[in-house]
Amino acid sequence: SVYVPPGVTFGNLFGHPKLKPLDGAVVGVYLNGCKVDNWRSVAPANSDKVKFLLAPRALAAAIVPIIASTIVTGTTLATIASVLGGILAIASVATFFIGLFNPPKPPKMSSFGQNSPTYSFEGIQTTYEPGRPVPVVYGEHRGGGQVLAMAIDVTSSGTGQTLSMMLGLCEGQVTAIDCAQVNGIAIDNFPEVTLETRLGLSSQAPITGFESLRNTYADGREIGTGSIVYATNGNSLDAAQLQVAAVEGLYVSFGGSHPRVRDLIVRYSVEHRTTGTTTYTAVGTRDFAGSARSALWDTFDIDWGSRAARDIRVTWLDNEGATPGPNAAVSDRIWLRNVTEIIERTESFSNTALLAIRAVATKQLHGNHPNVTALVRGPAVRNYTTATTFVNTWTRVPAWGVLDYMTNSRYGMGAYITNSDVDLQTFVDFATICNTLVPAGGTSTAEVQHTMDIVMDVRKPHWQWVLDM
(Lines give C-alpha, C1' and ligand atoms only; values in the text may rest on other atoms or scores of the structure.)
Protein backbone atom coordinates (compact mmCIF):
# COMPACT_ATOMS: atom_id res chain seq x y z
CA SER A 1 0.00 0.00 0.00
CA VAL A 2 1.05 3.61 -0.62
CA TYR A 3 0.09 6.61 1.53
CA VAL A 4 -1.30 9.56 -0.43
CA PRO A 5 -2.00 12.76 1.58
CA PRO A 6 -5.68 13.81 1.78
CA GLY A 7 -6.82 16.01 -1.10
CA VAL A 8 -3.97 14.96 -3.42
CA THR A 9 -5.38 13.87 -6.78
CA PHE A 10 -3.85 11.43 -9.21
CA GLY A 11 -3.22 14.43 -11.47
CA ASN A 12 -1.15 16.03 -8.67
CA LEU A 13 0.73 12.80 -8.19
CA PHE A 14 1.53 12.29 -11.88
CA GLY A 15 2.41 15.97 -12.17
CA HIS A 16 5.48 15.42 -9.98
CA PRO A 17 8.72 15.51 -12.05
CA LYS A 18 9.53 11.96 -11.03
CA LEU A 19 6.22 10.55 -12.26
CA LYS A 20 5.33 12.93 -15.08
CA PRO A 21 6.95 10.73 -17.78
CA LEU A 22 4.51 7.98 -16.81
CA ASP A 23 1.45 10.14 -17.41
CA GLY A 24 1.35 9.32 -21.12
CA ALA A 25 1.67 5.61 -20.44
CA VAL A 26 -1.56 5.37 -18.44
CA VAL A 27 -4.35 3.95 -20.60
CA GLY A 28 -6.83 3.20 -17.82
CA VAL A 29 -7.42 3.58 -14.08
CA TYR A 30 -9.62 1.36 -11.89
CA LEU A 31 -10.78 2.56 -8.44
CA ASN A 32 -12.04 -0.24 -6.22
CA GLY A 33 -12.65 -2.38 -9.30
CA CYS A 34 -14.53 0.30 -11.31
CA LYS A 35 -13.01 2.10 -14.26
CA VAL A 36 -12.58 5.86 -13.75
CA ASP A 37 -12.75 8.06 -16.85
CA ASN A 38 -11.57 11.42 -15.44
CA TRP A 39 -8.93 9.80 -13.24
CA ARG A 40 -6.61 12.84 -12.96
CA SER A 41 -9.21 14.71 -10.84
CA VAL A 42 -9.82 11.80 -8.47
CA ALA A 43 -8.41 12.10 -4.94
CA PRO A 44 -8.24 8.59 -3.41
CA ALA A 45 -9.42 8.05 0.17
CA ASN A 46 -7.91 5.82 2.80
CA SER A 47 -8.14 2.07 1.93
CA ASP A 48 -9.09 2.73 -1.72
CA LYS A 49 -7.66 0.12 -4.13
CA VAL A 50 -6.31 1.56 -7.36
CA LYS A 51 -5.01 -0.13 -10.47
CA PHE A 52 -3.18 1.69 -13.27
CA LEU A 53 -3.25 0.06 -16.72
CA LEU A 54 -0.07 1.05 -18.60
CA ALA A 55 0.82 0.61 -22.27
CA PRO A 56 4.04 -1.45 -22.41
CA ARG A 57 5.84 0.49 -25.15
CA ALA A 58 4.99 3.87 -23.66
CA LEU A 59 6.02 2.55 -20.25
CA ALA A 60 9.40 1.46 -21.56
CA ALA A 61 10.04 4.91 -23.00
CA ALA A 62 8.92 6.56 -19.76
CA ILE A 63 11.02 4.51 -17.35
CA VAL A 64 14.36 5.69 -18.75
CA PRO A 65 13.97 9.38 -17.80
CA ILE A 66 12.54 8.35 -14.42
CA ILE A 67 15.64 6.33 -13.62
CA ALA A 68 17.98 8.96 -15.03
CA SER A 69 16.45 11.96 -13.24
CA THR A 70 17.40 13.20 -9.76
CA ILE A 71 15.11 14.46 -7.03
CA VAL A 72 14.58 18.19 -7.14
CA THR A 73 16.51 20.12 -4.48
CA GLY A 74 14.32 21.17 -1.60
CA THR A 75 11.95 18.25 -1.87
CA THR A 76 11.00 17.10 1.61
CA LEU A 77 11.89 13.65 2.83
CA ALA A 78 8.20 12.83 3.26
CA THR A 79 7.44 13.84 -0.30
CA ILE A 80 10.40 11.84 -1.58
CA ALA A 81 9.18 8.81 0.31
CA SER A 82 5.69 9.20 -1.06
CA VAL A 83 6.89 9.69 -4.60
CA LEU A 84 9.29 6.75 -4.45
CA GLY A 85 6.57 4.65 -2.90
CA GLY A 86 4.29 5.63 -5.73
CA ILE A 87 6.95 4.72 -8.27
CA LEU A 88 7.38 1.30 -6.73
CA ALA A 89 3.65 0.71 -6.60
CA ILE A 90 3.20 1.74 -10.21
CA ALA A 91 6.17 -0.32 -11.27
CA SER A 92 4.62 -3.35 -9.59
CA VAL A 93 1.27 -2.77 -11.25
CA ALA A 94 3.01 -2.10 -14.56
CA THR A 95 4.83 -5.37 -14.36
CA PHE A 96 1.53 -7.17 -13.81
CA PHE A 97 -0.22 -5.51 -16.71
CA ILE A 98 2.73 -5.94 -19.05
CA GLY A 99 2.34 -9.61 -18.31
CA LEU A 100 -1.26 -9.36 -19.50
CA PHE A 101 -0.18 -7.69 -22.75
CA ASN A 102 2.71 -10.14 -23.26
CA PRO A 103 1.79 -13.42 -21.53
CA PRO A 104 4.97 -15.23 -20.50
CA LYS A 105 5.49 -18.84 -21.47
CA PRO A 106 4.77 -21.34 -18.70
CA PRO A 107 7.90 -22.06 -16.69
CA LYS A 108 9.77 -25.15 -17.81
CA MET A 109 12.16 -27.43 -16.07
CA SER A 110 15.75 -27.31 -17.28
CA SER A 111 16.17 -28.95 -20.68
CA PHE A 112 19.71 -30.05 -19.79
CA GLY A 113 19.08 -33.79 -19.85
CA GLN A 114 16.17 -34.01 -22.27
CA ASN A 115 16.80 -36.59 -25.02
CA SER A 116 20.38 -36.90 -23.82
CA PRO A 117 22.07 -40.32 -24.23
CA THR A 118 24.35 -39.34 -21.32
CA TYR A 119 22.00 -37.79 -18.76
CA SER A 120 19.01 -40.15 -18.62
CA PHE A 121 17.52 -42.84 -16.42
CA GLU A 122 18.68 -45.48 -18.92
CA GLY A 123 22.31 -44.67 -18.21
CA ILE A 124 25.00 -43.63 -20.65
CA GLN A 125 24.14 -44.91 -24.13
CA THR A 126 25.86 -45.25 -27.48
CA THR A 127 23.66 -43.54 -30.09
CA TYR A 128 22.99 -45.24 -33.41
CA GLU A 129 20.50 -42.73 -34.82
CA PRO A 130 21.84 -41.04 -38.00
CA GLY A 131 22.21 -37.28 -37.74
CA ARG A 132 22.84 -37.02 -34.01
CA PRO A 133 25.83 -34.84 -33.11
CA VAL A 134 29.22 -36.08 -32.01
CA PRO A 135 29.43 -34.86 -28.39
CA VAL A 136 31.63 -32.09 -27.01
CA VAL A 137 33.28 -32.92 -23.67
CA TYR A 138 34.76 -30.52 -21.14
CA GLY A 139 36.55 -31.80 -18.08
CA GLU A 140 36.34 -35.59 -17.74
CA HIS A 141 33.24 -37.69 -18.29
CA ARG A 142 32.19 -41.14 -19.46
CA GLY A 143 30.37 -41.03 -22.79
CA GLY A 144 28.80 -43.40 -25.31
CA GLY A 145 29.59 -41.45 -28.46
CA GLN A 146 27.82 -41.42 -31.80
CA VAL A 147 28.16 -44.30 -34.27
CA LEU A 148 29.93 -43.08 -37.43
CA ALA A 149 30.28 -46.47 -39.14
CA MET A 150 29.16 -50.00 -38.32
CA ALA A 151 29.63 -53.09 -40.43
CA ILE A 152 28.93 -56.78 -39.92
CA ASP A 153 31.16 -59.29 -41.70
CA VAL A 154 30.97 -63.03 -42.16
CA THR A 155 33.85 -65.06 -40.75
CA SER A 156 36.07 -66.93 -43.20
CA SER A 157 34.51 -70.23 -42.11
CA GLY A 158 31.06 -68.97 -43.06
CA THR A 159 29.67 -70.01 -39.68
CA GLY A 160 29.82 -66.75 -37.68
CA GLN A 161 29.85 -62.98 -37.76
CA THR A 162 32.13 -60.17 -36.69
CA LEU A 163 31.14 -56.62 -35.81
CA SER A 164 33.22 -53.55 -36.64
CA MET A 165 31.99 -50.31 -35.12
CA MET A 166 33.52 -46.82 -34.98
CA LEU A 167 32.28 -44.11 -32.62
CA GLY A 168 32.80 -40.36 -32.58
CA LEU A 169 33.46 -39.73 -28.88
CA CYS A 170 34.21 -36.01 -28.91
CA GLU A 171 34.63 -33.08 -31.25
CA GLY A 172 38.13 -31.67 -31.16
CA GLN A 173 41.38 -33.11 -29.85
CA VAL A 174 40.98 -34.77 -26.46
CA THR A 175 43.63 -35.46 -23.85
CA ALA A 176 42.88 -39.15 -23.16
CA ILE A 177 40.44 -42.02 -23.82
CA ASP A 178 40.45 -44.69 -21.11
CA CYS A 179 38.42 -47.36 -19.31
CA ALA A 180 36.38 -48.59 -22.30
CA GLN A 181 33.41 -50.81 -21.51
CA VAL A 182 31.04 -52.99 -23.53
CA ASN A 183 27.57 -53.33 -22.01
CA GLY A 184 28.94 -52.04 -18.71
CA ILE A 185 31.78 -54.59 -18.55
CA ALA A 186 35.45 -53.64 -18.93
CA ILE A 187 36.57 -54.41 -22.45
CA ASP A 188 39.55 -56.42 -21.14
CA ASN A 189 37.05 -59.12 -20.14
CA PHE A 190 36.22 -59.78 -23.79
CA PRO A 191 39.19 -61.57 -25.40
CA GLU A 192 37.34 -61.59 -28.72
CA VAL A 193 37.13 -57.76 -28.76
CA THR A 194 39.93 -55.50 -30.02
CA LEU A 195 40.05 -51.76 -29.45
CA GLU A 196 41.68 -48.85 -31.29
CA THR A 197 41.40 -45.11 -30.60
CA ARG A 198 42.32 -41.74 -32.09
CA LEU A 199 42.57 -38.56 -30.01
CA GLY A 200 41.20 -36.22 -32.68
CA LEU A 201 44.41 -34.78 -34.13
CA SER A 202 44.18 -32.51 -37.14
CA SER A 203 46.16 -35.05 -39.22
CA GLN A 204 45.37 -38.45 -37.68
CA ALA A 205 45.61 -41.76 -39.54
CA PRO A 206 42.47 -43.74 -40.41
CA ILE A 207 41.59 -46.54 -37.99
CA THR A 208 42.55 -49.97 -39.31
CA GLY A 209 39.62 -51.62 -41.06
CA PHE A 210 37.81 -48.32 -41.59
CA GLU A 211 39.80 -47.08 -44.58
CA SER A 212 36.51 -47.04 -46.50
CA LEU A 213 33.08 -46.11 -45.17
CA ARG A 214 31.03 -49.27 -44.54
CA ASN A 215 27.61 -49.43 -42.95
CA THR A 216 25.53 -52.59 -42.60
CA TYR A 217 21.73 -52.57 -42.79
CA ALA A 218 19.56 -55.50 -41.71
CA ASP A 219 17.03 -56.95 -44.14
CA GLY A 220 15.77 -60.40 -43.09
CA ARG A 221 13.55 -61.37 -46.04
CA GLU A 222 13.55 -64.87 -47.45
CA ILE A 223 14.89 -65.18 -50.99
CA GLY A 224 12.40 -67.08 -53.13
CA THR A 225 11.70 -67.69 -56.78
CA GLY A 226 9.62 -64.53 -56.81
CA SER A 227 12.73 -62.38 -56.14
CA ILE A 228 13.26 -59.65 -53.57
CA VAL A 229 14.55 -56.13 -54.27
CA TYR A 230 16.78 -54.20 -51.87
CA ALA A 231 16.91 -50.41 -52.32
CA THR A 232 20.11 -48.88 -50.97
CA ASN A 233 19.90 -46.34 -48.17
CA GLY A 234 22.86 -44.33 -49.48
CA ASN A 235 22.55 -42.17 -52.57
CA SER A 236 26.21 -42.17 -53.59
CA LEU A 237 27.64 -45.67 -53.17
CA ASP A 238 30.55 -47.43 -54.85
CA ALA A 239 29.82 -51.00 -53.84
CA ALA A 240 27.82 -53.33 -51.64
CA GLN A 241 28.12 -56.74 -50.01
CA LEU A 242 25.13 -59.05 -49.64
CA GLN A 243 25.10 -61.43 -46.70
CA VAL A 244 22.94 -64.44 -47.46
CA ALA A 245 22.21 -66.97 -44.73
CA ALA A 246 20.83 -70.47 -44.60
CA VAL A 247 19.40 -69.89 -41.14
CA GLU A 248 18.02 -73.44 -40.81
CA GLY A 249 21.14 -75.02 -42.22
CA LEU A 250 21.93 -76.31 -45.71
CA TYR A 251 21.80 -80.04 -46.24
CA VAL A 252 20.15 -83.18 -47.54
CA SER A 253 19.35 -85.69 -44.81
CA PHE A 254 18.52 -89.35 -45.48
CA GLY A 255 18.85 -92.74 -43.84
CA GLY A 256 15.78 -93.24 -41.68
CA SER A 257 16.40 -93.55 -37.93
CA HIS A 258 20.14 -92.89 -38.34
CA PRO A 259 20.12 -90.03 -40.84
CA ARG A 260 23.18 -88.90 -42.66
CA VAL A 261 23.80 -85.39 -43.97
CA ARG A 262 25.37 -84.58 -47.28
CA ASP A 263 26.13 -81.48 -49.33
CA LEU A 264 23.41 -79.37 -50.87
CA ILE A 265 23.91 -76.50 -53.27
CA VAL A 266 21.46 -73.63 -53.50
CA ARG A 267 21.86 -71.40 -56.52
CA TYR A 268 20.76 -67.74 -56.53
CA SER A 269 21.22 -64.80 -58.89
CA VAL A 270 21.99 -61.11 -58.32
CA GLU A 271 21.10 -58.16 -60.57
CA HIS A 272 21.22 -54.40 -60.09
CA ARG A 273 20.00 -51.17 -61.64
CA THR A 274 20.42 -47.49 -60.95
CA THR A 275 17.49 -46.34 -58.84
CA GLY A 276 14.86 -44.73 -61.02
CA THR A 277 15.65 -46.81 -64.12
CA THR A 278 13.80 -49.90 -65.35
CA THR A 279 16.43 -52.31 -66.70
CA TYR A 280 18.42 -54.65 -64.48
CA THR A 281 21.99 -55.67 -65.23
CA ALA A 282 23.01 -59.21 -64.30
CA VAL A 283 25.88 -59.40 -61.85
CA GLY A 284 26.15 -63.18 -61.61
CA THR A 285 24.92 -66.36 -59.99
CA ARG A 286 26.24 -68.00 -56.86
CA ASP A 287 26.39 -71.64 -55.77
CA PHE A 288 25.89 -71.59 -52.00
CA ALA A 289 27.01 -75.02 -50.75
CA GLY A 290 26.83 -76.62 -47.33
CA SER A 291 26.20 -79.74 -45.29
CA ALA A 292 25.24 -78.51 -41.84
CA ARG A 293 22.12 -78.26 -39.75
CA SER A 294 23.33 -75.03 -38.14
CA ALA A 295 23.25 -71.62 -39.78
CA LEU A 296 25.64 -70.99 -42.67
CA TRP A 297 26.58 -67.68 -44.28
CA ASP A 298 27.54 -66.62 -47.79
CA THR A 299 28.64 -63.24 -49.13
CA PHE A 300 28.22 -61.68 -52.57
CA ASP A 301 30.21 -58.56 -53.48
CA ILE A 302 28.97 -56.01 -56.01
CA ASP A 303 31.13 -53.19 -57.37
CA TRP A 304 29.19 -51.12 -59.87
CA GLY A 305 31.96 -48.69 -60.79
CA SER A 306 30.15 -45.38 -60.46
CA ARG A 307 28.52 -43.77 -57.45
CA ALA A 308 24.75 -43.93 -57.36
CA ALA A 309 21.76 -45.23 -55.45
CA ARG A 310 20.95 -48.78 -56.54
CA ASP A 311 18.19 -51.39 -56.55
CA ILE A 312 19.52 -54.92 -56.03
CA ARG A 313 17.38 -57.90 -57.07
CA VAL A 314 18.09 -61.36 -55.62
CA THR A 315 16.36 -64.51 -56.89
CA TRP A 316 16.41 -68.14 -55.71
CA LEU A 317 17.03 -70.31 -58.80
CA ASP A 318 17.31 -73.98 -57.85
CA ASN A 319 19.11 -76.53 -55.71
CA GLU A 320 21.51 -79.28 -56.60
CA GLY A 321 22.07 -82.49 -54.68
CA ALA A 322 18.60 -83.02 -53.29
CA THR A 323 17.55 -86.67 -53.71
CA PRO A 324 13.83 -87.26 -53.54
CA GLY A 325 12.66 -90.17 -51.47
CA PRO A 326 10.37 -91.08 -48.60
CA ASN A 327 13.08 -90.64 -45.97
CA ALA A 328 14.91 -87.63 -47.44
CA ALA A 329 14.77 -84.17 -45.84
CA VAL A 330 15.99 -81.10 -47.66
CA SER A 331 16.87 -77.74 -46.12
CA ASP A 332 17.39 -75.25 -48.94
CA ARG A 333 15.81 -72.00 -47.73
CA ILE A 334 17.96 -68.88 -47.73
CA TRP A 335 17.49 -65.33 -46.48
CA LEU A 336 19.01 -61.94 -47.26
CA ARG A 337 20.12 -61.07 -43.75
CA ASN A 338 22.25 -57.94 -44.20
CA VAL A 339 23.56 -55.57 -46.83
CA THR A 340 26.75 -53.59 -46.27
CA GLU A 341 26.85 -50.36 -48.26
CA ILE A 342 30.33 -49.11 -49.15
CA ILE A 343 31.84 -45.77 -50.12
CA GLU A 344 35.45 -46.16 -51.26
CA ARG A 345 36.77 -43.03 -49.59
CA THR A 346 39.54 -42.81 -47.05
CA GLU A 347 38.22 -40.88 -44.06
CA SER A 348 40.34 -40.25 -40.98
CA PHE A 349 37.77 -38.00 -39.25
CA SER A 350 40.42 -35.46 -38.34
CA ASN A 351 39.61 -33.25 -35.33
CA THR A 352 37.24 -35.90 -33.98
CA ALA A 353 38.19 -38.28 -31.16
CA LEU A 354 37.41 -41.85 -32.22
CA LEU A 355 36.98 -45.28 -30.66
CA ALA A 356 36.64 -48.43 -32.77
CA ILE A 357 35.99 -52.02 -31.74
CA ARG A 358 36.03 -55.28 -33.66
CA ALA A 359 34.21 -58.17 -32.04
CA VAL A 360 33.33 -61.77 -32.84
CA ALA A 361 29.80 -62.79 -31.94
CA THR A 362 29.89 -65.19 -28.98
CA LYS A 363 27.55 -66.45 -26.28
CA GLN A 364 28.84 -63.62 -24.09
CA LEU A 365 28.54 -60.93 -26.77
CA HIS A 366 25.65 -61.23 -29.19
CA GLY A 367 22.12 -60.03 -29.85
CA ASN A 368 21.34 -56.33 -29.77
CA HIS A 369 23.79 -53.61 -30.68
CA PRO A 370 26.48 -53.32 -28.00
CA ASN A 371 26.59 -50.29 -25.75
CA VAL A 372 30.17 -49.03 -25.83
CA THR A 373 31.36 -46.29 -23.47
CA ALA A 374 34.69 -44.79 -22.46
CA LEU A 375 36.07 -42.24 -20.03
CA VAL A 376 36.96 -39.16 -22.08
CA ARG A 377 39.26 -36.45 -20.82
CA GLY A 378 38.30 -33.40 -22.87
CA PRO A 379 40.42 -31.01 -24.91
CA ALA A 380 43.23 -28.78 -23.79
CA VAL A 381 41.90 -25.21 -23.79
CA ARG A 382 43.29 -21.76 -23.06
CA ASN A 383 43.87 -21.12 -19.35
CA TYR A 384 44.65 -17.44 -18.73
CA THR A 385 46.67 -16.11 -15.81
CA THR A 386 46.24 -12.52 -17.00
CA ALA A 387 44.18 -10.98 -19.78
CA THR A 388 47.15 -11.46 -22.15
CA THR A 389 48.92 -14.60 -20.85
CA PHE A 390 47.67 -18.16 -21.22
CA VAL A 391 48.69 -21.80 -21.62
CA ASN A 392 46.82 -24.57 -23.43
CA THR A 393 46.09 -27.36 -20.99
CA TRP A 394 43.34 -29.71 -19.86
CA THR A 395 41.19 -28.24 -17.10
CA ARG A 396 37.98 -28.67 -15.12
CA VAL A 397 37.67 -24.93 -14.42
CA PRO A 398 34.26 -23.81 -15.77
CA ALA A 399 35.57 -20.39 -16.87
CA TRP A 400 37.92 -21.85 -19.47
CA GLY A 401 35.40 -24.35 -20.79
CA VAL A 402 32.85 -21.57 -21.30
CA LEU A 403 35.44 -19.34 -22.97
CA ASP A 404 36.49 -22.14 -25.34
CA TYR A 405 32.90 -22.91 -26.30
CA MET A 406 32.08 -19.24 -26.87
CA THR A 407 35.07 -18.70 -29.19
CA ASN A 408 35.51 -22.12 -30.85
CA SER A 409 34.67 -21.91 -34.54
CA ARG A 410 34.36 -25.71 -35.04
CA TYR A 411 31.73 -26.66 -32.50
CA GLY A 412 31.00 -23.50 -30.53
CA MET A 413 30.08 -19.86 -31.09
CA GLY A 414 33.30 -18.82 -32.82
CA ALA A 415 31.46 -17.85 -35.98
CA TYR A 416 29.89 -15.01 -34.01
CA ILE A 417 32.32 -14.31 -31.14
CA THR A 418 36.08 -13.80 -31.35
CA ASN A 419 38.66 -13.18 -28.63
CA SER A 420 38.53 -9.47 -29.34
CA ASP A 421 34.83 -9.48 -28.44
CA VAL A 422 35.50 -10.96 -24.99
CA ASP A 423 36.51 -9.18 -21.81
CA LEU A 424 39.19 -11.72 -20.86
CA GLN A 425 39.78 -10.17 -17.44
CA THR A 426 36.26 -11.13 -16.40
CA PHE A 427 37.10 -14.77 -17.22
CA VAL A 428 40.31 -14.50 -15.20
CA ASP A 429 38.20 -13.24 -12.29
CA PHE A 430 35.65 -15.99 -12.90
CA ALA A 431 38.43 -18.62 -12.78
CA THR A 432 39.77 -17.15 -9.54
CA ILE A 433 36.37 -17.62 -7.93
CA CYS A 434 36.15 -21.18 -9.28
CA ASN A 435 39.58 -22.05 -7.86
CA THR A 436 38.88 -20.66 -4.40
CA LEU A 437 39.39 -23.37 -1.81
CA VAL A 438 36.44 -24.27 0.41
CA PRO A 439 35.88 -27.04 3.00
CA ALA A 440 34.91 -30.36 1.43
CA GLY A 441 31.66 -31.60 2.91
CA GLY A 442 32.18 -29.94 6.28
CA THR A 443 35.57 -31.61 6.78
CA SER A 444 38.99 -30.03 7.24
CA THR A 445 39.93 -31.08 3.71
CA ALA A 446 39.82 -28.26 1.18
CA GLU A 447 38.64 -28.45 -2.42
CA VAL A 448 38.17 -25.93 -5.22
CA GLN A 449 34.81 -24.20 -5.21
CA HIS A 450 33.64 -25.02 -8.76
CA THR A 451 34.57 -27.67 -11.35
CA MET A 452 32.89 -28.74 -14.58
CA ASP A 453 32.65 -32.18 -16.21
CA ILE A 454 30.06 -32.09 -18.98
CA VAL A 455 29.04 -33.93 -22.14
CA MET A 456 27.21 -31.72 -24.67
CA ASP A 457 25.39 -34.36 -26.70
CA VAL A 458 22.12 -32.86 -27.97
CA ARG A 459 21.35 -30.08 -30.39
CA LYS A 460 20.06 -26.88 -28.81
CA PRO A 461 20.79 -23.14 -29.07
CA HIS A 462 24.27 -22.00 -28.05
CA TRP A 463 22.93 -19.73 -25.33
CA GLN A 464 21.19 -22.66 -23.66
CA TRP A 465 24.46 -24.58 -23.52
CA VAL A 466 26.24 -21.56 -22.08
CA LEU A 467 23.60 -21.34 -19.33
CA ASP A 468 23.92 -25.07 -18.62
CA MET A 469 27.69 -24.74 -18.35
Side-chain angles (χ1 to χ4, degrees), residues 149-165 209 212-234 237-253 261-275 280-305 308-322 329-344 358-362 365-369:
M150 185 180 71
I152 296 173
D153 295 296
V154 175
T155 59
S156 57
S157 65
T159 57
Q161 295 176 292
T162 61
L163 170 70
S164 298
M165 183 168 70
S212 58
L213 298 180
R214 304 166 64 242
N215 284 289
T216 299
Y217 299 90
D219 189 282
R221 291 173 294 169
E222 185 174 0
I223 302 170
T225 56
S227 304
I228 61 171
V229 176
Y230 173 86
T232 60
N233 291 275
L237 303 175
D238 294 305
Q241 182 186 79
L242 311 184
Q243 296 176 12
V244 177
V247 178
E248 300 171 347
L250 203 59
Y251 60 88
V252 175
S253 174
V261 174
R262 72 179 187 188
D263 285 352
L264 178 69
I265 296 174
V266 170
R267 188 171 291 111
Y268 64 90
S269 67
V270 177
E271 307 162 277
H272 75 86
R273 69 183 179 188
T274 301
T275 300
Y280 280 95
T281 300
V283 181
T285 60
R286 173 61 57 83
D287 289 349
F288 183 7
S291 58
R293 293 179 180 274
S294 57
L296 295 175
W297 295 80
D298 186 48
T299 59
F300 193 107
D301 296 316
I302 311 171
D303 187 347
W304 38 71
R310 304 283 175 165
D311 299 329
I312 303 170
R313 185 165 67 183
V314 188
T315 306
W316 190 98
L317 298 177
D318 55 31
N319 64 34
E320 182 179 319
V330 177
S331 179
D332 62 354
R333 298 172 67 188
I334 57 176
W335 285 260
L336 178 63
R337 298 295 288 180
N338 303 306
V339 178
T340 298
E341 301 182 1
I342 303 168
I343 300 176
E344 298 291 358
R358 282 173 290 280
V360 178
T362 64
L365 185 62
H366 68 282
N368 294 331
H369 294 154

- Item | Sequence-distant partners of Val154, side chain to side chain contact (heavy atoms under 4.5 Å, CB included), two or more places apart | Gln243, Trp297, Thr299
- Item | pair Leu237-Ile343: side-chain heavy atoms closer than 4.5 Å | yes
- What residues form a ring-ring contact (aromatic ring centres under 6.0 Å, His included) with Trp316, not counting sequence neighbours? none
- Nearest heavy-atom approach of Thr232 to Gly234 is OG1-O, 3.1 Å
- Message: Applying side-chain contact (heavy atoms from CB on, under 4.5 Å) to Gln161 and Asn338, what does each step give before you reach the verdict?
- Response: CA-CA 11 Å; Gln161 295 176 292; Asn338 303 306; 3.5 Å; yes
- State whether a side-chain donor-acceptor pair under 3.5 Å links Thr274 with Arg310. yes
- Considering non-hydrogen atoms only, spot the tightest contact between Arg214 and Gly209 and give its length. NH1-O, 4.5 Å
- Option from Leu336, Val339, Val270 for which side chain to side chain contact (heavy atoms under 4.5 Å, CB included) with Phe300 holds: Val270
- Criterion side-chain contact (heavy atoms from CB on, under 4.5 Å) on His369 and Met150, from CA distance to verdict: CA-CA 10 Å; His369 294 154; Met150 185 180 71; 3.6 Å; yes
- On the 0 to 90° scale, with breaks at 30° and 60°, tag the His272-Trp304 ring pair as parallel, tilted or perpendicular. tilted
- Message: Please find the pair of heavy atoms, one from Gly249 and one from Ser331, that lie closest to each other, and give the distance.
- Response: O-OG, 2.8 Å
- Message: Quick check for you: to the nearest 0.5 Å, what is the distance between Ile312 atom CD1 and Ile228 atom CD1?
- Response: 10.0 Å
- Task: Indicate yes or no: at least one non-hydrogen side-chain atom of Val314 is less than 4.5 angstrom from one of Tyr268.
- Result: yes
- Atom pair CG/OG of Leu264 and Ser291 - distance to nearest 0.5 Å: 9.5 Å
- Note on the structure: Taken in chain and number order and not counting sequence neighbours, the residues that satisfy salt bridge (Lys or Arg N to Asp or Glu O under 4.0 Å) with Asp301 are none
- Hey, could you give me the CG/CD distance between Asp238 and Glu341, rounded to the nearest 0.5 Å? 11.5 Å
- Task: Could you please spell out the steps behind the side-chain contact (heavy atoms from CB on, under 4.5 Å) verdict for Gln241 and Asp153?
- Result: CA-CA 9 Å; Gln241 182 186 79; Asp153 295 296; 4.1 Å; yes
- After noting the C-alpha distance and the side-chain angles of Tyr280 and Asp311, does the key distance pass the side-chain contact (heavy atoms from CB on, under 4.5 Å) rule? CA-CA 9 Å; Tyr280 280 95; Asp311 299 329; 4.0 Å; yes
- Item | All side chain to side chain contact (heavy atoms under 4.5 Å, CB included) counterparts of Ala239, not counting sequence neighbours | Asp303, Ile342
- Item | Thr285: partners by side chain to side chain donor-acceptor pair (under 3.5 Å), with sequence neighbours left out | none
- Item | Point-to-point distance, once rounded to the nearest 0.5 Å, from CD1 of Ile334 to CZ of Arg267 | 11.5 Å
- Message: Return the CG to CG distance between Asp287 and Asn319, rounded to the nearest 0.5 Å.
- Response: 11.0 Å
- Flag, side chain of Ser227 to backbone of Arg313, donor-acceptor distance under 3.5 Å: no
- Item | Rounded distance [0.5 Å steps], OG in Ser164 versus CZ in Arg358 | 6.0 Å
- Note on the structure: Shortest non-hydrogen pair, Ala245 vs Arg337, comes out as CB-CG, 3.3 Å
- Task: Not counting sequence neighbours, which residues clear salt bridge (Lys or Arg N to Asp or Glu O under 4.0 Å) with Arg333? List them please.
- Result: Glu222, Glu248
